[in-house]
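First up is the structure itself, then whatever we jot down about it.
Numbers restart at 1 for each chain; the letters A, B, ... are given by sequence-line order, proteins then strands.
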Amino acid sequence: MDDRTYTADAAPGGTVTVAGWVHEIRDLGGIAFVILRDTTGRIQVKFEKEEMDDDLVETGLGLSRESVVSVTGDVEEEPRAPTGVEITPESVEVLSAADTELPLDPTGKVDAELPTRLDNRTLDLRREAGQAIFSIRGEILRAVREAFREANATEINTSKIVATGTEGGTELFPITYFGREAFMNQSPQLFKQLAAGSNLERVFETGPIFRAEEHNTPRHLNEATSIDFEGAFCDDDDAMEICESIVVAAYEGVAENCADELEALGIDEEFTVPERPFPRLSYEETIERINALGVLDDQLVWGDDLPTEGETALGADVGRHYFITDWPAEVKPFYIMDHDDDEALSTGFDLMHPRMELVSGGQREHRYEKLIEGLEAQGLDPEAFEYYTRAFRYGMPPHAGWAIGGERLIMTMLELDNIREAVLFPRDRQRLSP
RNA sequence: GCCCGGGUGGUGUAGUGGCCCAUCAUACGACCCUGUCACGGUCGUGACGCGGGUUCAAAUCCCGCCUCGGGCGCCA
């Protein structure tokens, strides 16, 4: 297909071969128009019945929508055509005929519900808005990688099959590994710490994480993409600064390179890059502010988790990205370090978007004895984590890091109603295919 | 895990006991139309998730199942 020209590059004055999908057919009688679509856009192909070969006309008008065709012909300037140029075909080859009665309408004239769209994802992504989400997703990953590189972090890939049960917090998917019990990894947390303790010092990873929670909400997935960072000789403040810079880089990349996509999603007007630094609220200030908003039946007290309703109300009140810092040590996992001056307070932080939690992070406990104490305090068996804790006996620098819920970043950035829209083939409680 | 609400042609919908052999749009098929750009026009095909029950009468009420969405919890 060396001689294929993209529709966007089909310039007047030459003969080209374009290939793509039949977007629409408009038969006006003596003249008919076929709109051909490819990844770069659309072009109109003209069929004048009186003046053209009967076989050619028959092929052209016999096409079904979404069939894949290759069209060779002269490109002419034509002010009456949608893009100002038009192809008069010499030959039309049907590469793949589409069945009629499509399961959804790629022109977007008729809506389709999310399950219908996910069952027919290929057709769904022929819609402009569908395509836009994944072009932007690609841009976010590109921008994030570049920003990590500027922060001297090395990209790593860690195993998704793990032996130890849990590091806390969530249900895991059990699997059988050559007859042994194993699990799908809930997070690269422990591995990235082991990597940060090496000469790499700063590492990042974008990869899948698996959570076996049977939740059914528009903001949870059972397989999600985690954007992880871990840096040696970083404290919680350093980690938050790097976190801000990565989030802002993602927004900047999209602002710079995805204008058409934002327009297709109808959010080009309001799209703004968040300003740094993000406000920081301590956990204590957070619960006080939520209580003051008066949205909860019961006032929050120290040690409570933040209920969704309070989180939403506070998000609306703050109106932008913000950090919640200084969480009670008891609600954070064993690997999060406590403050030296107050062991009831942890260095853990969350980055919040007004709609939901986006990131959790913190400084890590790098002192071997404290780490073992922490495991025991949370009822975990230090023996089971020996593969992890042993590195802490051989020179583990102070370090800190965080993880962004990748789909949540996309969902909040693009104002998507449902997180499944941000994943090509989402895994939720019901859906295992495609 | 607890709770709530849905499922009507291919798609998206209207329809809360008789006015429904079911509305509208789009798609699909046939015909008319030489500049459409959500082309237009005429005609046509096509559906009440599955099973049971109540009733003279069920898309509509009840029960079970399947299935989808949402709220909470937990989490990112």
Side-chain angles (χ1 to χ4, degrees), chain A residues 23-35 42-52 57 62 64-66 78-84 86 98-120 123-124 127 166-172 186-189 208-228 296-297 304-312 331-333 350-353 355-361 402-412 417-420 422 428-431:
Chain A
H23 187 68
E24 273 189 280
I25 301 168
R26 299 201 189 97
D27 185 352
L28 276 64
I31 192 169
F33 303 106
V34 171
I35 313 296
R42 297 174 203 159
I43 198 162
Q44 178 161 286
V45 182
K46 174 180 69 173
F47 290 87
E48 276 188 295
K49 295 173 190 172
E50 293 290 308
E51 296 173 23
M52 289 169 60
V57 171
S64 54
R65 291 163 77 229
E66 297 305 313
E78 174 51 75
R80 291 172 292 185
T83 59
E86 185 173 78
D99 284 356
T100 52
E101 302 276 60
L102 300 167
L104 57 80
D105 174 19
T107 68
K109 274 186 277 192
V110 180
D111 284 343
E113 295 206 329
L114 191 57
T116 306
R117 293 174 44 204
L118 294 175
D119 286 340
N120 301 280
L123 281 168
D124 182 43
R127 292 162 52 251
T166 183
E167 64 192 53
T170 193
E171 296 288 317
L172 301 185
Q186 72 180 91
S187 127
Q189 179 61 37
I209 56 171
F210 304 91
R211 308 279 167 102
E213 299 287 340
E214 295 195 38
H215 36 45
N216 187 18
T217 82
R219 60 185 182 282
H220 289 94
L221 292 164
N222 293 294
E223 179 180 6
T225 307
S226 185
I227 302 171
D228 270 88
L296 300 177
D297 293 337
D304 283 347
D305 267 320
L306 305 184
T308 305
E309 202 177 0
E311 210 175 273
T312 306
V331 306
K332 288 291 176 184
D350 287 358
L351 174 62
M352 310 295 294
H353 177 275
R355 287 176 68 191
M356 70 190 78
E357 180 181 344
L358 230 47
V359 173
S360 79
W402 41 260
I404 302 178
E407 283 79 15
R408 287 191 173 185
L409 177 65
I410 297 165
M411 170 186 191
T412 53
D417 290 332
N418 194 309
I419 198 165
R420 296 167 179 86
D428 60 35
R429 188 171 165 186
Q430 317 294 348
R431 185 172 288 273

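- The nucleotide whose nearest atom lies closest to any side-chain atom of A:Arg408 is, among B:A76, B:U36, B:U26, B:A76.
- When both pairing distances are held under 3.5 Å, B:G5 makes a Watson-Crick or G-U pair with B:C68.
- For B:C68, one of the phosphate oxygens OP1 or OP2 lies less than 4.0 angstrom from a side-chain nitrogen or oxygen of A:Gln430.
- To the nearest whole angstrom, the two C1' atoms, one in B:C19 and one in B:A59, are 15 Å apart.
- Here the C1' atom of nucleotide B:C4 and the CG atom of A:Asn216 are 12 Å apart, to the nearest Å.
- Contact annotation: A:Thr100 does not reach the phosphate of B:G10 (side-chain N/O to OP1 or OP2, under 4.0 Å).
- For A:Lys332 and A:Asp350, the salt-bridge test passes: some basic side-chain N is under 4.0 Å from an acidic carboxylate O.
- Pairing of B:C28, defined by two Watson-Crick or G-U wobble distances under 3.5 Å, is identified with B:G44.
- A close approach under 4.0 Å does occur between a side-chain nitrogen or oxygen of A:Arg219 and OP1 or OP2 of B:C72.
- Comparing B:C50 with B:U45, their C1' atoms are spaced 26 Å from each other, to the whole Å.
- The A:Gln44 side chain lies nearest to B:G35 when the options are B:G73, B:G35, B:G12.
- Nucleic acid contact class of A:Ala32 (heavy atoms, under 4.0 Å, all strands): none.
- Among the heavy atoms of the strands lying under 4.0 Å from A:Glu24 are primed sugar atoms or P, OP1, OP2 only; no base atom is included.
- Formation of a donor-acceptor pair under 3.5 Å by the A:Arg408 side chain with backbone atoms of A:Arg219 is found in this model.
- Nucleic acid contact class of A:Ala403 (heavy atoms, under 4.0 Å, all strands): none.
- The backbone N or O of A:Ala98 sits less than 3.5 Å from a side-chain atom of A:Ser64, completing a donor-acceptor pair.
- Counting heavy atoms from C-beta on, the side chains of A:Lys109 and A:Glu24 come closer than 4.5 Å.
- For A:Ala112, taking side-chain heavy atoms from C-beta onward, the closest of the listed nucleotides B:G73, B:G1, B:U11 is B:U11.
- Applying the 3.5 Å distance criterion, the base of B:G71 shares no donor-acceptor pair with the side chain of A:Glu309.
- Residue contacts for A:Pro82: at a heavy-atom cut-off of 4.0 Å it reaches a base atom on one of the strands shown.
- Residues A:Pro103 and A:Glu51 both approach RNA chain B. Their nearest nucleotides, taken by heavy-atom distance, put A:Pro103 toward the 5′ side.
- Nearest approach of A:Trp402 to A:Val359, heavy atoms of both residues: CB-CG1, 3.7 Å.
- For A:Arg420, a side-chain nitrogen or oxygen approaches OP1 or OP2 of B:G70 to under 4.0 Å.
- In this entry the distance linking CG of A:Asp111 with P of B:G69 reads 17 Å, nearest Å.
- Here the C1' atom of nucleotide B:G6 and the CD atom of A:Glu113 are 9 Å apart, to the nearest Å.
- Nucleotides B:U8 and B:U13 have their C1' atoms positioned 9 Å apart, rounded to a whole Å.
- Within the 4.0 Å cut-off from OP1 or OP2 of B:A25, not a single side-chain nitrogen or oxygen of A:Lys109 is found.
- In terms of polar N and O atoms assigned as donor or acceptor, the side chain of A:His220 comes within less than 3.5 Å of the base of B:C75 in a complementary pairing.
- Between B:G10 and B:C4, the two C1' atoms lie 31 Å apart (nearest whole Å).
- Counting heavy atoms from C-beta outward, A:Thr107 and A:His23 have side chains that approach closer than 4.5 Å.
- If you check B:C61 for Watson-Crick or wobble pairing at under 3.5 angstrom, you find it paired to B:G53.
- When the nucleotides B:C74, B:C28, B:A76 are ranked by their closest atom to the side chain of A:Glu101, B:C28 comes out on top.
- Under 3.5 Å, the side chains of A:Glu407 and A:Thr225 contain a donor-acceptor pair of N or O atoms.
- In this structure, B:A14 forms no base pair with any nucleotide, since neither Watson-Crick nor G-U wobble geometry is met with both distances under 3.5 Å.
- Base pairing analysis places B:C19 opposite nothing; no Watson-Crick or G-U wobble pair with both distances below 3.5 Å involves it.
- Across all strands shown, B:C33 remains unpaired; no Watson-Crick or G-U wobble contact has both distances below 3.5 Å.
- Note on A:Arg431 versus A:Asp119: salt bridge recorded, some NZ/NE/NH1/NH2 to OD/OE distance being below 4.0 Å.
- The same atom, C1', is picked in B:U42 and in B:G15; the two are 28 Å apart, to the nearest Å.
- A straight line from CZ of A:Arg65 to P of B:U26 spans 12 Å, rounded to a whole angstrom.
- Within 4.0 Å of A:Lys46, counting heavy atoms only, lies at least one base atom of the nucleic acid.
- Residues A:Leu118 and A:Val359 each lie close to RNA chain B; by heavy-atom proximity, the contact nearer the 5' end of the strand is made by A:Leu118.
- Nearest nucleotide to the A:Ala224 side chain, out of B:U36, B:A76, B:U26: B:A76.
- Side-chain N or O atoms of A:Lys49 include one that pairs as donor or acceptor with a backbone N or O of A:Gly29 at under 3.5 Å.
- Between B:G70 and A:Asn418, a contact under 4.0 Å exists linking OP1 or OP2 to a side-chain N or O.
- The side-chain hydrogen bond (donor to acceptor under 3.5 Å, both in side chains) test with A:His220 is passed by exactly one of A:Thr217, A:Asn216, A:Asn222: A:Thr217.
- Counting non-hydrogen atoms under 4.0 angstrom, A:Glu357 reaches the backbone sugars and phosphates but no base.
- Atom CD of A:Glu78 and atom C1' of B:U34 are 12 Å apart (whole Å).
- Atom P of B:C62 sits at a distance of 38 Å from the matching atom of B:G44, rounded to the whole Å.
- Remark: A:Thr107 is not in phosphate contact with B:A38, judged by side-chain N or O atoms under 4.0 Å from OP1 or OP2.
- Comparing the P positions of B:U36 and B:G40 gives an interatomic distance of 12 Å, to the nearest angstrom.
- Comparing atom distances between the A:Arg211 side chain and each of B:G12, B:C75, B:G35 picks out B:C75 as nearest.
- Between A:Met52 atom CE and B:U34 atom P the separation is 16 Å, expressed in whole Å.
- Annotation: B:A38 and B:U26 have their P atoms spaced 13 Å apart (nearest Å).
- Among the heavy atoms of the strands, none lies under 4.0 Å from A:Leu104.
- Counting any heavy atom pair closer than 4.0 Å across all strands shown, A:Leu114 reaches no nucleic acid atom.
- One can place CG of A:Asp27 at 12 Å from C1' of B:G40, the figure rounded to the nearest angstrom.
- One atom, CZ of A:Arg429, and another, P of B:C75, lie 17 Å apart when rounded to the nearest Å.
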